[in-house]
Amino acid sequence: MERVSGVNIVPHFCRIEDKDIEFYSDFNIIALGLDSIEARSYINAVACSFLEYDSDDNPREESMKPMVDGGTEGFKGHARVIVPGVTPCFECTIWLFPPQVKFPLCTLAETPRNAAHCIEYAHLIKWDEVHSGKAFDPDNPDHMKWVYDEAVKRAELFGIPGVTYSHTQGVVKNIIPAIASTNAIISAACALETLKIASGFSKTLSNYLTYNGVEGLHTKVTEFVKDKDCLVCGPGVLIELDATVTLRKFIDMLEEHPKLLMSKASITYRGKNLYMQAPPILEEMTRSNLNLPLYDLMDKIPKDILHATGTINKDNKKSTGLRKLDVVFKGIDGVADMDMAGGA
């Protein structure tokens, strides 16, 4: 860049899930400016997947990949520092984020009263009626345009004004208009914390800053505590297996595991793709591994970490997630049998 010598910015135009784990491993610090809870959860899980624990379940400092997260919502905003294994990760404090506003389906279907009702009718009801079995993708312009067109028809039928394309995007993706001053304050806080981590010249934020400019100006720093039982930033979900279990059987087990409930899982081991659900070319290349024993695919190491990426069903809501799995093979020399929930 001309403004800052030595800085090299490389843009990537794709979904964050399209990059494999090794792409993120090259970063020393991850700074987030994402627009949804799902996106934050995914990157949080990726960063925490690099965290390693010693035999006493203490996090190894050299494996920590710190994150700086910022977000704004109108005149409100937050900045936080996440050091996996030390501070609470995003999943530890997921309760900080309020549930999204939902409209009763009977109101959408029978008595819409405003533009948002018309948009959600097209999004939640009409889409499934016309596109049975086809998932709606909010990032697909054709899908969004279809919802907008249907919402306009619905609004005209009931004499409701205010349906625009930008409003449709805002309702469907829960987008709240950005305020330039709030963005400037939060981005400055994130830049400062990133500089602290990179240079070590000062102690970092501990660990969650909130800003409220609705009435006057109010800032506060709260130190939240890490959840020692967190499935994302903890040592990993322990799974005990027989050495004969195939990769296919292992993937099926993840769907029934009470702590995971993960379907359509892709599995990686030490940066190597054992099985990938997509894209089709990678699925075909790794398909032959499905019938091989997982123990063999893990180089016959009796205890090690795997990473699984798939669809997680939590509270009747599906989202893409990544989980760290601490796999132990039974009956192998040097590994004692363990009594673990969800083991095979």
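The chain is numbered in sequence order, starting from 1.
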How many angstroms lie between atom [atom1] of [X] and atom [atom2] of [Y], to the nearest 0.5 angstrom?
{"X": "Lys272", "Y": "Asn289", "atom1": "NZ", "atom2": "CG", "value": "8.0 Å"}
{"X": "Leu292", "Y": "Tyr275", "atom1": "CG", "atom2": "OH", "value": "13.5 Å"}
{"X": "Ser266", "Y": "Glu283", "atom1": "OG", "atom2": "CD", "value": "9.0 Å"}
{"X": "Lys173", "Y": "Asp139", "atom1": "NZ", "atom2": "CG", "value": "4.5 Å"}
{"X": "Ile305", "Y": "Thr268", "atom1": "CD1", "atom2": "OG1", "value": "11.0 Å"}
{"X": "Ile239", "Y": "Leu306", "atom1": "CD1", "atom2": "CG", "value": "8.5 Å"}

To check you understand the geometry: which heavy-atom pair defines the closest contact between [X] and [Y], and what is its length?
{"X": "Ser199", "Y": "Phe201", "result": "OG-CD2, 2.6 Å"}
{"X": "Pro112", "Y": "Ile160", "result": "O-CD1, 3.4 Å"}
{"X": "Thr87", "Y": "Val81", "result": "OG1-O, 3.6 Å"}
{"X": "Glu22", "Y": "Ser25", "result": "O-OG, 2.6 Å"}
{"X": "Ser41", "Y": "Ile94", "result": "OG-CD1, 4.1 Å"}
{"X": "Asp304", "Y": "Tyr269", "result": "OD2-OH, 2.7 Å"}

Close side-chain approach of [X] and [Y], heavy atoms under 4.5 Å:
{"X": "Ile30", "Y": "Val46", "result": "no"}
{"X": "Leu32", "Y": "Phe90", "result": "no"}
{"X": "Cys233", "Y": "Glu91", "result": "no"}
{"X": "His123", "Y": "Trp127", "result": "no"}
{"X": "Asp69", "Y": "Met67", "result": "no"}
{"X": "Val245", "Y": "Phe329", "result": "no"}
{"X": "Pro88", "Y": "Asn207", "result": "yes"}
{"X": "Val237", "Y": "Arg323", "result": "no"}

query = Where do Leu51 and Lys65 land on the side-chain contact (heavy atoms from CB on, under 4.5 Å) test, with the steps shown first?
reply = CA-CA 7 Å; Leu51 182 64; Lys65 196 172 292 293; over 6 Å; no
Can you tell me if [X] uses its side chain to pair, donor with acceptor, with the backbone of [Y] under 3.5 Å?
{"X": "His307", "Y": "Ser49", "answer": "yes"}
{"X": "Glu150", "Y": "Lys126", "answer": "no"}
{"X": "Lys19", "Y": "Tyr24", "answer": "no"}
{"X": "Asn140", "Y": "Asp142", "answer": "yes"}
{"X": "Asn114", "Y": "Ala116", "answer": "yes"}
{"X": "Ser206", "Y": "Glu223", "answer": "no"}
{"X": "Tyr295", "Y": "Lys300", "answer": "yes"}
{"X": "Ser132", "Y": "Glu129", "answer": "no"}
{"X": "His117", "Y": "Arg113", "answer": "yes"}
{"X": "Thr168", "Y": "Thr164", "answer": "yes"}

Tell me whether the count of non-hydrogen atoms from other residues, nucleotides or ligands lying under 6.0 Å of [atom1] in [X] goes above 12.
{"X": "Lys249", "atom1": "NZ", "answer": "no"}
{"X": "Phe224", "atom1": "CZ", "answer": "yes"}
{"X": "Leu217", "atom1": "CG", "answer": "yes"}

query = Is the closest basic N to carboxylate O distance between Arg287 and Glu284 below 4.0 Å?
reply =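 Glu284 and Arg287: not salt-bridged.
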query = Salt bridge or not for Asp252 and Arg248, using N-O below 4.0 Å?
reply =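 Here Asp252 does not pair with Arg248 in a salt bridge, since their nearest N and O are not under 4.0 Å apart.
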query = Angle class for the Phe27/Phe23 ring planes (parallel below 30°, perpendicular above 60°, tilted otherwise)?
reply =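 Correct class here is perpendicular.
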task = Show your working on side-chain contact (heavy atoms from CB on, under 4.5 Å) between Asn28 and Ile197 and close with a plain yes or no.
result = CA-CA 10 Å; Asn28 296 314; Ile197 296 172; over 6 Å; no
inquiry  = Between Lys134 and His143, does the side-chain contact (heavy atoms from CB on, under 4.5 Å) criterion hold? Intermediate values first, please.
reply    = CA-CA 11 Å; Lys134 183 178 180 180; His143 291 194; 3.7 Å; yes
Joint cluster assignment, [X] & [Y], ILVMFWY side-chain distance < 4.5 Å:
{"X": "Ile37", "Y": "Leu34", "answer": "yes"}
{"X": "Leu209", "Y": "Leu192", "answer": "no"}
{"X": "Phe158", "Y": "Ile119", "answer": "no"}
{"X": "Leu247", "Y": "Met276", "answer": "no"}
{"X": "Tyr165", "Y": "Val171", "answer": "yes"}

Between Thr93 and Arg80: side-chain donor-acceptor atoms closer than 3.5 Å =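 Short answer, yes.
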task = Assess whether salt bridge (charged side-chain N to carboxylate O under 4.0 Å, His left out) is satisfied between Glu193 and Lys196, documenting all intermediate values.
result = CA-CA 5 Å; Glu193 295 307 316; Lys196 288 179 183 178; 3.0 Å; yes
Sub-6.0 Å ring centroid separation between Trp146 and Phe136 =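 Aromatic pair excluded; centres sit 6.0 Å or further apart.
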message = Please identify which of these residues, Ile312, Ile267, Leu261, meets the side chain to side chain contact (heavy atoms under 4.5 Å, CB included) condition with Leu254.
response =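 For Leu254, the side chain to side chain contact (heavy atoms under 4.5 Å, CB included) check succeeds only for Ile267.
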inquiry  = Pair Lys324, Tyr53 - check side-chain contact (heavy atoms from CB on, under 4.5 Å), show working.
reply    = CA-CA 12 Å; Lys324 180 167 51 178; Tyr53 284 79; 4.2 Å; yes
request  = Check step by step if salt bridge (charged side-chain N to carboxylate O under 4.0 Å, His left out) holds for Asp149 and Lys145.
outcome  = CA-CA 6 Å; Asp149 291 339; Lys145 180 63 165 56; 3.0 Å; yes
